[in-house]
Amino acid sequence: MKTRPEELSVIEDMNQHFSDEIIPLIEIIADKHKKVYKINSETGEIETKPKRIKGGKIINKKVLLPPTENDIVTLKDLDKRL
């Protein structure tokens, strides 16, 4: 397969041909994580920080928390496709 999205699309399309005797072998190259944002304890809103983008414009970007073991969704995602 050329790319990971293409491989996942083929798995989804071929799902009807899989059974207990025919199980696809899927190599997990990298884990996918659920995005978890930092929440302000006082207001309960997602924290943002200003970021300068191309052209000099400043936008507010959400602050991501570092991924943890509980945030891994790789196997859940594959299970949905199969």
Asker: If every non-hydrogen atom of Leu64 is compared with every non-hydrogen atom of Tyr37, which pair is closest and at what distance?
Answerer: CD2-CE2, 3.4 Å
Asker: Return the CE to OG distance between Met14 and Ser9, rounded to the nearest 0.5 Å.
Answerer: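 Atom-to-atom, Met14:CE and Ser9:OG are 11.5 Å apart.
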Asker: To the closest 0.5 Å, what do you measure between NZ (Lys35) and NZ (Lys62)?
Answerer: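 Nearest 0.5 Å value for the NZ-NZ distance: 8.5 Å.
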Asker: Are Pro50 and Asn60 side-chain neighbours, meaning at least one heavy-atom pair lies under 4.5 Å?
Answerer: yes
Asker: Provide the closest heavy-atom pair for His33 versus Thr68 in the form atom of the first, atom of the second, distance.
Answerer: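 For His33 and Thr68, the tightest heavy-atom pair comes out as CD2-O, 4.0 Å.
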Asker: When rounded to the nearest 0.5 angstrom, what distance separates NZ in Lys34 from CG in Asn70?
Answerer: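 One finds 8.0 Å between NZ of Lys34 and CG of Asn70.
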Asker: Over all heavy atoms of both residues, which pair between Ile58 and Arg52 is shortest? Give the atoms and the distance, please.
Answerer: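 Closest heavy-atom pair between Ile58 and Arg52: CD1-NH2, 3.9 Å.
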Asker: In Å and rounded to the nearest 0.5 Å, what is the CG to CD1 distance from Asn40 to Ile46?
Answerer: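 Between Asn40 CG and Ile46 CD1, I get 11.0 Å after rounding to 0.5 Å.
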Asker: Rounded to the nearest 0.5 Å, how far apart are NZ of Lys49 and NZ of Lys61?
Answerer: 7.5 Å
